[in-house]
Amino acid sequence: MLDSLALLLEKTFLLAHFNFFTPASSKHERCAKRREDSAHFQRGDLLEVPRTLFTHFGIYLGDNKVAHLMPDILPALTSNKSQIQKVVTNKRLLLGVIYKYALVRVDTVEDFAFGSPVLLNAMDTTLRRQPLAAEEVARRAEKLIGHIPYSLLWNNCEHFVTYCRYGTAVSLQTEQFCESLKSVIRDQRSVLLTTFIGMLSMFFLGIAPCTALPTFIIPFILWMAG
């Protein structure tokens, strides 16, 4: 069961972190800032790693170490540091997201990157904000190491790094997800489809009108919201 859920996570979960929500105009800027080893990194740098479905973020602390926020269920189940420090598997990640339990942990650049290219300070250009002093950025990240409340949309790894580097927690991926969701809500075809499903459930599946009522209320709310 957990294997299936982990696969679902890889393919359809973490909608707020989809790469196709990333603004196309910033992709070319980011390509020029790829780095393959930590020799180019400075303490306080903001690192990004493109995953299959999302982008993961961390703060470089120096000595080949990166602080990053990761959902992880294992720390809620055991205090064995050697087990917790192992690379977070998809099962641990998925259950951490569901349970809303996460850690700001420190890993090597290699473990953080997990075989993907690392983008260096690309968000400086995207957000067009002046970063804090490098040492202040690193100290902010170090102060948050350990357990931290997690929310897929409202307190994720991107919120963590933007708070550390710019002093304000924001997530462009969350904002882009919300904009995409609003466009779906405003699409009248979504309303018609929901109504059609409600009608089918009543006439062909024999569902009572009082039971099917939500299928009419929901499209009405969507229509009003649009």
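- Nearest approach of A141 to V104, heavy atoms of both residues: O-CG1, 4.2 Å.
- With hydrogens and angles disregarded, a donor-acceptor distance shorter than 3.5 Å links the side chain of R105 to the backbone of Q85.
- In this structure, I59 and A138 approach most closely via the heavy-atom pair CG2-CA, 4.4 Å.
- The two atoms that bring L47 and L120 nearest to each other are CD2-CD1, 3.8 Å, heavy atoms only.
- The side-chain hydrogen bond (donor to acceptor under 3.5 Å, both in side chains) contacts involving residues 59-71 comprise S38-N64, H56-H68, N64-E110, H68-D107, where partners must be two or more places apart or lie in separate chains.
- A side-chain donor-acceptor contact under 3.5 Å links R165 to the backbone of G44.
- Between T55 and V49, every side-chain heavy-atom pair lies at or beyond the 4.5 Å cut-off.
- In this structure, T162 and H159 approach most closely via the heavy-atom pair OG1-O, 3.1 Å.
- A search for side-chain hydrogen bond (donor to acceptor under 3.5 Å, both in side chains) contacts involving Y101 returns nothing, not counting sequence neighbours.
- In the hydrophobic cluster analysis, where Ile, Leu, Val, Met, Phe, Trp and Tyr join through side-chain heavy atoms closer than 4.5 angstrom, L69 is grouped apart from L74.
- Pairs passing the salt bridge (Lys or Arg N to Asp or Glu O under 4.0 Å) check and including a residue from residues 77-88, sequence neighbours excluded, do not occur.
- Between the CZ atom of F41 and the CG atom of L61 there is a distance of 12.5 Å, given to the nearest 0.5 Å.
- Atom CD of Q42 is surrounded by 12 or fewer heavy atoms from other residues, nucleotides or ligands within 6.0 Å.
- Looking only at distances, no side-chain donor or acceptor of S171 sits under 3.5 Å from a matching main-chain atom of E158.
- Contact between L152 and T174 at its shortest, heavy atoms only, is O-OG1, 4.4 Å.
- Linking ILVMFWY side-chain heavy atoms closer than 4.5 Å, directly or via other members, places L77 and L95 in a single hydrophobic cluster.
- With sequence neighbours excluded, the residues that form a side-chain hydrogen bond (donor to acceptor under 3.5 Å, both in side chains) with S82 are N80.
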Item to complete: Verify side-chain contact (heavy atoms from CB on, under 4.5 Å) between L172 and L127, making sure each step is shown before the conclusion.
Response: CA-CA 9 Å; L172 297 180; L127 284 181; 3.7 Å; yes

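- Checked by atom type and distance alone, the side chain of Y166 pairs as donor or acceptor with a backbone atom of D124 at under 3.5 Å.
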Discussion item. With side-chain contact (heavy atoms from CB on, under 4.5 Å) as the criterion, how do T168 and Y163 come out once you've worked through the C-alpha distance, each side chain's angles and the decisive distance to 0.1 Å?
Written reply: CA-CA 4 Å; T168 304; Y163 165 77; over 6 Å; no

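- Under the rule for a side-chain contact (heavy atoms from CB on, under 4.5 Å), the partners of E136 that lie at least two apart in sequence or sit in another chain are L132, A133, R139, R140.
- Distance check: C164 SG to L144 CG gives 5.5 Å after rounding to the nearest 0.5 Å.
- What you find for P50 and S116 is that their closest heavy atoms are O-OG, 3.4 Å.
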Practice prompt. Applying side-chain contact (heavy atoms from CB on, under 4.5 Å), run through I148 and N155 and close with a yes or a no.
Written response: CA-CA 9 Å; I148 191 169; N155 192 35; 4.2 Å; yes

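- Between D72 and the options K100, R92, K91, a salt bridge (charged side-chain N to carboxylate O under 4.0 Å, His left out) holds for only R92.
- The distance from the SG atom of C157 to the CD atom of E48 is 9.5 Å, given to the nearest 0.5 Å.
- Hydrophobic clustering, with ILVMFWY side chains joined whenever heavy atoms are under 4.5 angstrom apart, keeps V87 apart from I145.
- Under the salt bridge (Lys or Arg N to Asp or Glu O under 4.0 Å) criterion, D111 pairs with no residue, sequence neighbours left out.
- Counting only residues at least two apart or in different chains, ring pair (Phe, Tyr, Trp, His ring centres under 6.0 Å) contacts with residues 73-100 are absent.
- Taking the side-chain hydrogen bond (donor to acceptor under 3.5 Å, both in side chains) definition, one finds that E135 meets it with R43, sequence neighbours left out.
- Partners of L103 according to the side-chain contact (heavy atoms from CB on, under 4.5 Å) rule, which considers only residues two or more places apart in sequence or in another chain, are P75, I84, H147.
- Pairs passing the ring pair (Phe, Tyr, Trp, His ring centres under 6.0 Å) check and including a residue from residues 72-96, sequence neighbours excluded, do not occur.
- Note that CD1 of I73 is 10.0 Å distant from CG of L94, once rounded to the nearest 0.5 Å.
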Practice prompt. Carefully, step by step, assess M70 and F160 under the rule side-chain contact (heavy atoms from CB on, under 4.5 Å).
Written response: CA-CA 10 Å; M70 284 285 289; F160 163 68; over 6 Å; no

